[in-house]
Undergrad: 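Got a structure for you, written out below as structure tokens; questions coming shortly.
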Amino acid sequence: MAQLQVNIGNLSLRNPVMTASGTFGYGLEYADFVRLDRLGGIIVKGTTLRPREGNPYPRMYETAGGMLNCVGLQNKGVDYFCQEIYPQIKNLDTHVVVNVSGSSPEDYAECAARIAALDRIPAIELNISCPNVKDGGMAFGVTCEGAASVVRAVRAAYPKTLIVKLSPNVTSIADIARAVEDCGADAVSLINTLMGMAVDIERRSPVLSIATGGLSGPAVKPIALRMVWQVARAVKIPIVGLGGIMNATDAIEFLMAGATAVEIGTANFVDPAVSEKVVDGIDAWLDAHGVGDVRDIIGALKC
Amino acid sequence: MTKQLIDLTVAAVERLNATHVLLRLTDAARPLPAMWPGQFVEVRVDHSATTLLRRPISINFVDQERNELWLLVHEVGNGTRALGRLVAGDTVNCLLPLGNGFTLPTTGGGRYLLVGGGVGTAPLLYYGDELRRRGCEPIFLLGARTKGDLLQLDAFKRIGRVETTTEDGSMGAKGFVTQHPMLASERFDAIATCGPKPMMVAVARYAEATGTPCEASLENRMACGLGACLCCVEDTTEGNVCVCKEGPVFNIKRLKWLNSK
Ligand SMILES: Cc1cc2nc3c(=O)[nH]c(=O)nc-3n(C[C@H](O)[C@H](O)[C@H](O)COP(=O)(O)OP(=O)(O)OC[C@H]3O[C@@H](n4cnc5c(N)ncnc54)[C@H](O)[C@@H]3O)c2cc1C
Ligand SMILES: Cc1cc2nc3c(=O)[nH]c(=O)nc-3n(C[C@H](O)[C@H](O)[C@H](O)COP(=O)(O)O)c2cc1C
Ligand code: FES
């Protein structure tokens, strides 16, 4: 048993493995397969100030080594979350982090402030990178000024651990990471999905209802790893790495590239029990390699 | 109902025609979990390099005596074709049972019309059998393009009366299921349907016109199968709901099919 505990801002995780927003519901959906108290944390579905219906069906299409989705932040709004969902998840013995989205800096800040009032939510993950909504979402995450405007507004309204989730749909992700660090983010997580598309040649139309969608799954892992590595050299705050992690080996690659923790997304659809297996797999690898503390491999690439 | 992630063993594979196979799965170690008609399984596809996500497949039948779960697979793409290549003794990882099934009556006696098209006939076998057990009368109306595409007819006939339609007239009445003469001459206490959407919409219209309660089983594309990803939604009277969790079986009154053209 290696030492697995890591810190993200003021948040102490029992191990570096969390689940990614939008892929693990509110955790309860997976309780039949995963002992949730064995996870470092659960990042719940994107939450917005007001309810959103999301995009029309079809919202999903499988592609080589991955999938496209354009769910579009369907959720019942932050008040519903606070009143109806929070009571069901507040006693889970793991950190529950809320993924927050919005269409203006004020929306983000108001949503964050309402979540700040919930004792058992120690952190939020600010989604400035959703490629599937027109109003806001990724629009903020693709420029340093846009990212900074949201993070500044939220930082003023939210005193707990603030993780900012970055978009890979940019020219220099390191510049964006620096901008959000300067505005007081406690950590960054990356990557959100890559904007993609699929075509149905018989119908001569895009497959997805809004034409484009976000690509996730093993196909994106090399890009995600490269970005984590670049950001690790650009900022001092901790990095949460994700994008295509399917097993413990993938997770360890992200840790070595500079991530302090990781998130598992699309892999939960393939194996609902995978998150707990990744925890066990990291532990076993560390033991097999005589590494007593997971922190010793973080950013430990030789290059 | 607790969901399980279990490895089942292929007891037998029956090839029904060029593009359909029946997989009979079993668990040698323990009894299969309770499963209801209309529920489905998310099957992991192990031998297709291009298939990542699980594939949703309806519960075709549960043979309690032999401890078997039957899946009827239409080979339409790489995932289902890989399932079609399984042989006896192979292992299949299954996430089950998922979703909410068809309404099961608590009293006997009703006449139930079960209308299936193509591989959509799959869940009706188990549903019809359960209705029969409960003292109801299942009447099957099964449609396909041609005779060779009408599947499991013997199994259906063991449970109840079977009427068929084929588009080319090679068996039963010629045309679509909704053109079958029985619909004009008979009335039913309830209807259940599964198959291509245009067929289900036509059945729903018939049900509406005759004032018969009707349930339809939807096949929206799915990722998680657990209500976590919100990929599989159907636009209903309550807004977008997950077919995998709230369905796949819906009362047609919840769907917006009849308002659209
Ligand atoms: C609840 C549910 C129950 C189902 N039950 C059965 C069953 O009992 N037997 C069975 O054979 N199939 C069933 N299906 C459909 C089955 O899941 C799909 O055919 C399968 O996922 C296709 O995978 P593939 O890799 O072979 O094809 P892909 O390569 O993914 O697709 C091949 C072709 O099939 C079409 N297709 C794929 N998925 C769907 C879908 N969900 N609906 C309509 N068209 C689709 C694609 O557009 C494409 O043209 C069910 C689906 C759902 C949601
Ligand atoms: C169906 C689906 C829904 C998602 N919803 C959200 C969301 O609400 N908020 C968010 O920040 N990211 C969302 N994501 C992105 C994932 O959290 C993750 O960043 C991305 O999928 C890459 O990781 P992966 O390859 O491990 O899945 C979603 C991804 C998928 C596949
Ligand atoms: S398939 Fe994920 S919510 Fe239905």
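Here is how names work: the chains are called A, B, and so on, in the same order as the sequence lines, proteins then strands, and each is numbered from 1.
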Undergrad: Check whether B/Arg221 gets within reach of chain A through its side chain, its backbone, both or neither, counting any heavy atom under 4.5 Å.
TA: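 Looking at B/Arg221, backbone and side chain both touch chain A.
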Undergrad: Can you tell which part of B/Thr2 gets under 4.5 Å to a heavy atom of chain A, answering side chain, backbone, both or neither?
TA: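 Both parts, heavy atoms under 4.5 Å.
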Undergrad: Report yes or no: do A/Thr266 and A/Ser216 form a side-chain donor-acceptor pair below 3.5 Å?
TA: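 Looking only at side-chain atoms, A/Ser216 and A/Thr266 do form a donor-acceptor pair, the distance falling under 3.5 Å.
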Undergrad: Does any backbone or side-chain atom of B/Asn220 lie under 4.5 Å from a heavy atom of chain A? Answer side chain, backbone, both or neither.
TA: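 For B/Asn220, the contact with chain A is made by backbone and side chain together.
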Undergrad: Go through the atoms of A/Tyr30 and report whether side chain, backbone, both or neither lie under 4.5 Å from a heavy atom of chain B.
TA: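 Just its side chain gets close to chain B.
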Undergrad: Could you look at B/Gln4 and say if it's the side chain, the backbone, both or neither that has a heavy atom under 4.5 Å from chain A?
TA: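 Just the backbone, heavy atoms under 4.5 Å.
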Undergrad: Measuring heavy-atom distances to chain B, does A/Ala267 have an atom under 4.5 Å in its side chain, in its backbone, in both, or in neither?
TA: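 Neither the backbone nor the side chain of A/Ala267 comes within 4.5 Å of chain B.
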Undergrad: Inspect the contact between A/Glu253 and A/Lys221 and indicate whether a charged nitrogen and a carboxylate oxygen are less than 4.0 angstrom apart.
TA: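 Counted as a salt bridge, because a side-chain N and a carboxylate O are separated by less than 4.0 Å.
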Undergrad: Measure B/Leu230 against the heavy atoms of chain A and call it side chain, backbone, both or neither at under 4.5 Å.
TA: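 Both parts, heavy atoms under 4.5 Å.
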Undergrad: Please give me the minimum heavy-atom distance between B/Ala11 and B/Glu68, naming the atom from each residue.
TA: CB-OE2, 3.8 Å
Undergrad: For A/Phe24, is it the side chain, the backbone, both, or neither that has a heavy atom closer than 4.5 Å to a heavy atom of chain B?
TA: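 For A/Phe24, the contact with chain B is made by the backbone alone.
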Undergrad: Taking 4.0 angstrom as the limit, do B/Glu75 and B/Arg15 come out as a salt bridge?
TA: yes
Undergrad: Going by the angle between their ring planes, with limits at 30° and 60°, are B/Phe61 and B/Trp70 parallel, tilted or perpendicular?
TA: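 Aromatic pair B/Phe61/B/Trp70 classed tilted.
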Undergrad: Out of B/Thr178, B/Ile252, B/Leu258, which one pairs with B/Arg205 under the side chain to side chain contact (heavy atoms under 4.5 Å, CB included) rule?
TA: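 It is B/Leu258; the other options fail the test.
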Undergrad: Side chains of B/Ser217 and B/Phe102: does their closest heavy-atom pair fall under 4.5 Å?
TA: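 Yes, their side chains come closer than 4.5 Å.
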Undergrad: Is B/Asn240 close to chain A through its backbone or its side chain, or both, or neither, when contacts mean heavy atoms under 4.5 Å?
TA: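 B/Asn240 touches chain A through backbone and side-chain heavy atoms alike.
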Undergrad: Do you know which of B/Arg55, B/Arg44, B/Glu42 has the most heavy-atom pairs under 4.5 Å to chain A?
TA: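 Greatest number of close heavy-atom pairs with chain A: B/Arg55.
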